[in-house]
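Working notes for the structure below.
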Amino acid sequence: MTDSESSSIDIKPEPQPAPTPTKRWADVADDEEAEAAAAGSEEVPDVKSLSIDDQHESKSEFLEDPDDANIKAVTSGDTPYTSAKTFEELNLSPDLIKGLYVEMRFKKPSKIQAVSLPMILTPPYKDLIAQAHNGSGKTTCFVLGMLSRVDPSQKVPQALCVCPTRELAIQNLEVLQKMGKYTGITSECAVPKDSVSRIPASKRPVVMSQVVIGTPGTINSLIATKKLSINFLRILVFDEADHMLAEDGFKDDSLRIMKAIDRSNNRCQVLLFSATFNEAVKSFVTKVVKDHNQLFVKKEELSLDSIKQYKVNCPDELSKINVIKDKILELGQKVGQTIIFVRSRISARNLHNALVEFGYEVTTIQGALDQADRDKIVKEFKDGLTQILISTDLLARGFDQSQVNLVVNYDLPIKYETREPDFEVYLHRIGRAGRFGRKGAIFNLMCTNADRRIIEQIENHFRISIEEVDLQSEKAFETALEKAGLL
DNA sequence: AAAAAAG
């Protein structure tokens, strides 16, 4: 391959015409209504949009990047960025490079890494809103970003990452500690403790770690009690940022963290990462961060081809359980691990009891469990000791277990208030299968007309067609798994 | 309805 046809991407923004009044993110919440009212006269940010159409190398034997070829990069200001073809050109420390090769077994940056890392690591360290497909390596992007922005000689918190669940915070910390193994950078979780070791935030020791990853409640209470110093933070990351800043998500908590940091520190870079940003939340987050760069994917291109989606018409609620045990689990056992998503804790318990009664070994996770039990159930599943996991949307986002090939929507994802389909949750759930380009299948169980309508809307929204699996047909499920490449 | 703080 010659260099001339290689795929370095130069993102050259146009010069800013009029000076845009820069709004600090802490101001946003206060005059959000005013902004909304002025939305008609909203200034269009000065941007240049370009399609990153990297040349596809032959499907490699190694599980690399699923197609993130259609990420739209939008840069602001006049900083040029060049996509990184190798980790070396990012000026990372030798210790960090070693972690990437030896611990992570990375060879070269994935597509989202190639584009986002220069934006994260190039002064003046602009804020970034980054969307990329499920399982494309978002975590490694911001983890690498945090590790490389920390000054190892300064023994104070310099990087903070906020996640929607403690499971995700723990998982992200594990990735960071693995990648940063040779750097000597210290890190810890700020999440609720289990009932045994629980201590009030006011009695917790002062956080000394250079990187802190946690959940909003704990982080806020650590800040409020001065156990977590935010004065020297250089980088603040929101994982699952759309949910972290959504009205029915963690918006208030997240804005409180941002405001506190903004008050005491004006050099903190903010990164917002997620696989999904619906239009409403997108327009809000673009106002929340300062002068920022953006990476976005069109919604039609978010649902991955490597994951085969199916729908199953079930006559009634009871038959959903039969479909799961007679059809899906019988075959599912052969193809790897399965996650079954349910809508409520009660639904989780009912399904759990029914399957256990029929002799299946299943475990269930939901937020009402004791923290220690949650940890145990996740660990058993990640260690492969359990095959079938029932979960509420606790694990819908971010949960990374490569052996999961099958996802079942026992209850379809809908929004609580409107009963409309929740497209974002749908996408996150199916993204638990087929991690990093692997094969996967998802079965959507429908039993009411409302269910069928929801699936229809999902098909329209993502412009996909979800194939039906016939309950009556003997071989239908087997064929479905074959088609998905799992049998 | 799920998640997330103590108490």
Side-chain angles (χ1 to χ4, degrees), chain A residues 160-173 189-205 207 212-228 238-258 260 274 276 281 339-352 364-375 377-378 389-399 407 409-429 431-432 450-451 454:
Chain A
L160 177 62
C161 172
V162 195
C163 313
T165 63
R166 58 192 298 288
E167 280 69 18
L168 200 46
I170 293 166
Q171 181 179 285
N172 288 340
L173 186 78
C189 257
V191 297
K193 300 278 189 197
D194 62 69
S195 49
V196 183
S197 44
R198 182 173 302 157
I199 31 171
S202 56
K203 292 195 175 134
R204 274 191 163 194
V207 175
V212 178
I213 304 182
T215 45
T218 306
I219 289 174
N220 265 320
S221 68
L222 288 173
I223 293 174
T225 53
K226 309 266 189 222
K227 301 295 179 183
L228 173 60
F238 285 91
D239 192 9
E240 308 298 343
D242 61 326
H243 188 232
M244 298 310 291
L245 288 161
E247 198 69 63
D248 72 334
F250 296 96
K251 181 175 167 184
D252 294 345
D253 285 325
S254 298
L255 288 177
R256 183 175 309 147
I257 294 170
M258 283 186 158
S274 183
T276 54
V281 89
I339 299 182
I340 305 172
F341 281 108
V342 293
R343 193 167 129 70
S344 68
R345 295 168 179 181
I346 296 170
S347 180
R349 193 187 56 203
N350 291 342
L351 180 60
H352 180 103
T364 299
I365 186 165
Q366 39 98 340
L369 295 183
D370 188 79
Q371 316 288 13
D373 290 338
R374 286 166 61 161
D375 291 347
I377 285 158
V378 166
L389 180 59
I390 300 169
S391 175
T392 59
D393 282 326
L394 173 61
L395 290 189
R397 285 170 174 265
F399 182 69
V407 165
N409 276 331
Y410 182 83
D411 298 316
L412 299 175
I414 56 173
K415 295 200 172 85
Y416 179 57
E417 340 73 73
T418 60
R419 322 283 297 177
E420 291 285 296
D422 193 324
F423 302 117
E424 285 70 42
V425 170
Y426 181 80
L427 208 62
H428 284 282
R429 284 182 178 184
R432 294 320 99 211
D451 287 344
I454 287 162

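Throughout, protein chains are lettered first and strands after them, A, B, ... in sequence-line order, and every chain is numbered starting at 1.
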remark   = Expected string for nucleotides 1-7 of chain B under the B/S/- scheme (protein heavy atoms, under 4.0 Å, primed atoms plus P, OP1, OP2 as sugar-phosphate) is BBBBSSS
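For K415(A), the NZ atom is densely surrounded, since the number of other residues' heavy atoms within 6.0 Å is greater than 12.
Every residue was checked against the ring pair (Phe, Tyr, Trp, His ring centres under 6.0 Å) condition with Y426(A), not counting sequence neighbours, and none meets it. Contacts of D422(A) classified as salt bridge (Lys or Arg N to Asp or Glu O under 4.0 Å), with partners at least two apart in sequence or in another chain: none.
Under 4.0 Å is where a charged nitrogen must lie from a carboxylate oxygen, and between D393(A) and R429(A) at least one such pair does.
Between the side chains of H243(A) and S274(A), no donor-acceptor pair is found at a separation under 3.5 Å.
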